[in-house]
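Okay, so here's the structure we're looking at.
Numbering of residues begins at 1 and proceeds along the displayed sequence.
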Amino acid sequence: MQKLSLNEIGQINLNVKNVEEAVCFYRDTLGLPLLFSMENMAFFNCNGIRLMLSVPEDESFNHPGSVIYFKTENLQGTYEQFREEGVAFTSRPHMVADMGQYELWMAFFKDLDGNVLALMSEITK
């Protein structure tokens with residue numbers, strides 16, 4: 001029998017306190033396309049991967065999320081635009097690794113609920 005394995009992420013969930021406010025931040029500030037929303041959850045398209053923002057349905061789901069890294073071709077420009085729109089960055093764009101043919105740069109920020117997010121860019125040397 002062939003062993004089954006996982007190889008693709010279909011959806012990532014982040015806990016939020018207020019879906020309506022979170023939709024405004026992710027759609028209007030970050031520019032993510034909103035797929036649809038309901039009373040306690042909203043879904044965005046991240047290049048084929050769904051990002052689900054939801055109010056935890058019970059205490060067992062009420063915990064901090066993982067860091068989500070958003071790719072951008074223009075890290076400095078995106079950083080500056082988001083700062084002008086009030087995004088709370090915890091770090092300036094900085095190189096985290098020299099990968100030989102490119103440098104990996106990141107800048108970290110928080111959403112309205114304190115979830116840590118990041119911008120990332122692979123900058124060719």
Side-chain angles (χ1 to χ4, degrees):
M1 178 192 312
Q2 182 179 357
K3 182 177 177 176
L4 300 175
S5 63
L6 303 177
N7 64 6
E8 185 176 349
I9 294 174
Q11 181 169 292
I12 297 171
N13 178 72
L14 277 181
N15 291 335
V16 298
K17 296 175 185 132
N18 182 307
V19 172
E20 190 175 313
E21 289 177 0
V23 164
C24 290
F25 179 79
Y26 281 82
R27 180 192 60 210
D28 302 339
T29 304
L30 301 186
L32 294 177
L34 177 66
L35 293 171
F36 62 95
S37 63
M38 296 180 265
E39 183 180 344
N40 287 325
M41 62 185 81
F43 296 84
F44 293 85
N45 180 20
C46 296
N47 199 27
I49 298 173
R50 277 191 312 264
L51 174 61
M52 173 185 174
L53 306 178
S54 66
V55 175
E57 56 187 83
D58 63 46
E59 278 304 308
S60 67
F61 290 101
N62 193 8
H63 53 79
S66 298
V67 178
I68 297 178
Y69 298 81
F70 293 98
K71 286 185 176 181
T72 178
E73 295 297 318
N74 183 345
L75 180 65
Q76 189 64 37
T78 305
Y79 168 79
E80 290 171 7
Q81 176 185 316
F82 284 1
R83 277 195 57 212
E84 289 173 9
E85 295 178 10
V87 173
F89 278 87
T90 60
S91 73
R92 300 178 64 88
H94 60 283
M95 185 178 71
V96 296
D98 183 334
M99 306 301 289
Q101 294 183 346
Y102 65 89
E103 295 174 345
L104 181 59
W105 284 68
M106 295 186 184
F108 293 87
F109 62 100
K110 292 187 178 182
D111 72 4
L112 302 175
D113 294 290
N115 292 304
V116 178
L117 307 170
L119 299 176
M120 67 178 283
S121 187
E122 296 173 355
I123 301 172
T124 305
K125 291 182 178 180

More than 12 foreign heavy atoms under 6.0 Å from CE of Met99: is that the case here? no
Please check if the number of heavy atoms outside Glu20 that lie under 6.0 Å from its CD is greater than 12. no
Give the cluster check for [X] versus [Y]: same hydrophobic cluster or not, with ILVMFWY residues linked at side-chain heavy-atom distances below 4.5 Å.
{"X": "Phe25", "Y": "Val55", "result": "yes"}
{"X": "Val116", "Y": "Ile68", "result": "no"}
{"X": "Val19", "Y": "Leu117", "result": "yes"}
{"X": "Leu32", "Y": "Met120", "result": "no"}
{"X": "Leu53", "Y": "Leu34", "result": "yes"}

Closest non-hydrogen contact found for Leu35 with Arg50 is CD1-CG, 3.7 Å
Taking every heavy atom of Ala42 against every heavy atom of Ser37, the minimum-distance pair comes out as CB-CB, 3.7 Å
[atom1]-[atom2] distance between [X] and [Y], expressed to the nearest 0.5 angstrom:
{"X": "Met38", "Y": "Phe43", "atom1": "CE", "atom2": "CZ", "result": "5.0 Å"}
{"X": "Ile12", "Y": "Leu14", "atom1": "CD1", "atom2": "CG", "result": "8.0 Å"}
{"X": "Leu104", "Y": "His94", "atom1": "CG", "atom2": "NE2", "result": "9.0 Å"}
{"X": "Asn62", "Y": "Lys17", "atom1": "CG", "atom2": "NZ", "result": "9.0 Å"}
{"X": "Asn18", "Y": "Asn40", "atom1": "CG", "atom2": "CG", "result": "10.0 Å"}
{"X": "Thr78", "Y": "Glu80", "atom1": "OG1", "atom2": "CD", "result": "9.5 Å"}

Which residue, Leu75, Val67, Val96, Leu119, forms the side chain to side chain contact (heavy atoms under 4.5 Å, CB included) with Met106? Val96
Using the six-membered ring wherever Trp is involved, compare the ring planes of Tyr79 and Phe89 and label them parallel, tilted or perpendicular (cut-offs 30° and 60°). perpendicular
Students often mix this up, so state it plainly: with edges at 30° and 60°, are the rings of Phe44 and Tyr26 parallel, tilted or perpendicular? tilted
Quick one: list whatever passes side-chain hydrogen bond (donor to acceptor under 3.5 Å, both in side chains) with Glu39, sequence neighbours left out. none
Could you tell me which residues satisfy side-chain hydrogen bond (donor to acceptor under 3.5 Å, both in side chains) with Asn13, sequence neighbours excluded, listed by chain and number? Asn15, Ser54
Starting from the C-alpha separation in whole Å, work towards a yes-or-no answer on side chain to side chain contact (heavy atoms under 4.5 Å, CB included) for Val16 and Leu112. CA-CA 8 Å; Val16 298; Leu112 302 175; over 6 Å; no
Show your working on side chain to side chain contact (heavy atoms under 4.5 Å, CB included) between Arg92 and Arg83 and close with a plain yes or no. CA-CA 10 Å; Arg92 300 178 64 88; Arg83 277 195 57 212; 4.2 Å; yes
Checking the side chain of Ser121 only, and the main-chain atoms of Trp105 only, is there a donor and an acceptor separated by less than 3.5 Å? no
Run the side chain to side chain contact (heavy atoms under 4.5 Å, CB included) check on Leu30 and Phe109 step by step: do they pass? CA-CA 11 Å; Leu30 301 186; Phe109 62 100; 3.9 Å; yes
Going by salt bridge (charged side-chain N to carboxylate O under 4.0 Å, His left out), name the pairs with one or both residues in residues 112-125, residues two or more places apart or in two chains. Asp98-Lys125
